[in-house]
Amino acid sequence: MIVVLGGEGVLLLEGATHPYVPAFSVRPWDTTAAGDSFRGALAVALAEGRTLKRSARRACAAAASSTVRPLPGGQARAGRPPAQR
């Protein structure tokens, strides 16, 4: 089982152990798709045969990267939307 802690990361409940996987530190632009990105990346990583902990780490990275503002050319820049500045 995975307990999602939002911007704090995730807690994995595997048998007697409960490893914590921290979130990546970013300045989010828009968090709308972060959960979808997390779940999609988690599903792909598990389907590829990765461990739950490695899959969760990859999913946290996908969620974090989905929240930053895109720039032309596919790069990303952290920041807040203009309405929040």
Side chain to side chain donor-acceptor pair (under 3.5 Å) partners of Arg58, counting only residues at least two apart: Glu48
4.5 Å side-chain heavy-atom contact, Val26 and Thr67: yes
Rounded distance [0.5 Å steps], CE in Met1 versus CG in Leu11: 10.5 Å
ILVMFWY network linking Trp29 to Phe38, side-chain heavy atoms under 4.5 angstrom: no
Connected hydrophobic set around Phe24, excluding itself, where side chains approach under 4.5 Å: none
Residues which pass side chain to side chain donor-acceptor pair (under 3.5 Å) with Arg39, listed by chain and number, not counting sequence neighbours: Asp36
Selection residues 5-25 - residue pairs positive for side-chain hydrogen bond (donor to acceptor under 3.5 Å, both in side chains), sequence neighbours left out: none
Contacts of Thr51 that satisfy side chain to side chain donor-acceptor pair (under 3.5 Å) - sequence neighbours left out: none
Donor-acceptor pair, side chain of Arg57 and main chain of Leu52, under 3.5 angstrom: no
Full working for side chain to side chain contact (heavy atoms under 4.5 Å, CB included) between Val10 and Val3: CA-CA 6 Å; Val10 296; Val3 179; over 6 Å; no
Shortest non-hydrogen contact between Ala23 and Gly6, atoms and distance: CB-O, 4.4 Å
Test item: Ile2 and Leu13 side chains (from C-beta on) under 4.5 Å apart, heavy atoms: no
Partner set under salt bridge (Lys or Arg N to Asp or Glu O under 4.0 Å) for Arg54, not counting sequence neighbours: none
Within-4.5 Å side-chain heavy-atom neighbours: Arg27 and Val68: no
Rounded distance (nearest 0.5 Å) linking atom OG of Ser55 with atom CG of Leu46: 3.5 Å
For the student: nearest non-hydrogen atoms of Ala41 and Ala59, plus distance: CB-CA, 3.8 Å
